[in-house]
Amino acid sequence: MLKYIIVGILVFFSTVSVAVAVPLLALKNQPPVASAAKSTYSSYLHTLSTSEKEKYITTSLADGRLVRVQLILELDSELAPKDSKNPGRDFLILQDTLLQTLRSCRSSDLEPQNQAAFKSKIAASAAKVFGKRSVHSVYIGSIAFQ
């Protein structure tokens, strides 16, 4: 009988020690607070477009082909315009800069295997307008060539 009590106590303590150790190891392996805070920034999504109805840009590329592309920029939330119908001078400069960048590209730059380089090129152009830390990411909604 004493043997069963001792085994029961050992099983109880080993279960409790595992139940305490697993959450402690999980806390130990979490990323540092600085990188967790970095991902909690607030952002504003801006779609490059020619009008309110169309959320696309249609332009010619350096190799003569036409492209219809939906570019979405993730910008710092402080840059969000107060009036969406009249976004302001900075967004006009942004649109002009991005159009110039897009027109200097070739259709091969927009192919799937080259899109990472294209996105970084667009982000660098946008960073010239708003600053390096203001542009968080670039997304491509769709691309159509003619």
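The structure presented is a predicted model; accordingly, all values stated were derived computationally and were not measured. Position 1 is the first residue of the sequence; numbering continues from there.
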Intermediate values then yes/no, side-chain contact (heavy atoms from CB on, under 4.5 Å), Y56 and I143: CA-CA 9 Å; Y56 298 94; I143 297 176; over 6 Å; no
[X] [atom1] to [Y] [atom2] distance, which is reported to the nearest 0.5 Å:
X	Y	atom1	atom2	result
R103	L98	CZ	CG	11.0 Å
I122	Q115	CD1	CD	11.5 Å
H136	L45	NE2	CG	10.0 Å
Q95	L73	CD	CG	10.5 Å
Y139	E74	OH	CD	4.0 Å
T97	L94	OG1	CG	6.5 Å

Nearest heavy atoms of [X] and [Y], plus distance in Å:
X	Y	result
S107	D63	OG-OD2, 2.6 Å
V135	A127	CG2-N, 3.8 Å
A62	S104	CB-O, 3.7 Å

Aromatic plane relationship, H46 with F91 - under 30° parallel, 30 to 60° tilted, over 60° perpendicular: tilted
Pair T47-Q70, side-chain contact (heavy atoms from CB on, under 4.5 Å): steps then yes or no: CA-CA 7 Å; T47 303; Q70 182 182 27; 4.2 Å; yes
Crowding at CD, Q113 (>12 non-hydrogen neighbours, <6.0 Å): yes
Stepwise side-chain contact (heavy atoms from CB on, under 4.5 Å) check, F118 with V138: CA-CA 9 Å; F118 172 72; V138 175; 5.9 Å; no
Check whether any side-chain heavy atom of [X] lies under 4.5 Å from a side-chain heavy atom of [Y], and answer yes or no.
X	Y	answer
K121	T101	yes
L75	S134	no
D90	F130	yes

Partner of R68 under side chain to side chain contact (heavy atoms under 4.5 Å, CB included), chosen from I57, T58, T59: T58
Side chain to side chain contact (heavy atoms under 4.5 Å, CB included) partner of F145, the single match among L66, V69, L61: L61
Cluster link L48 to L92, ILVMFWY, side chain under 4.5 Å: no
Check: D109 side chain, N114 main-chain N or O, donor-acceptor pair, under 3.5 Å: no
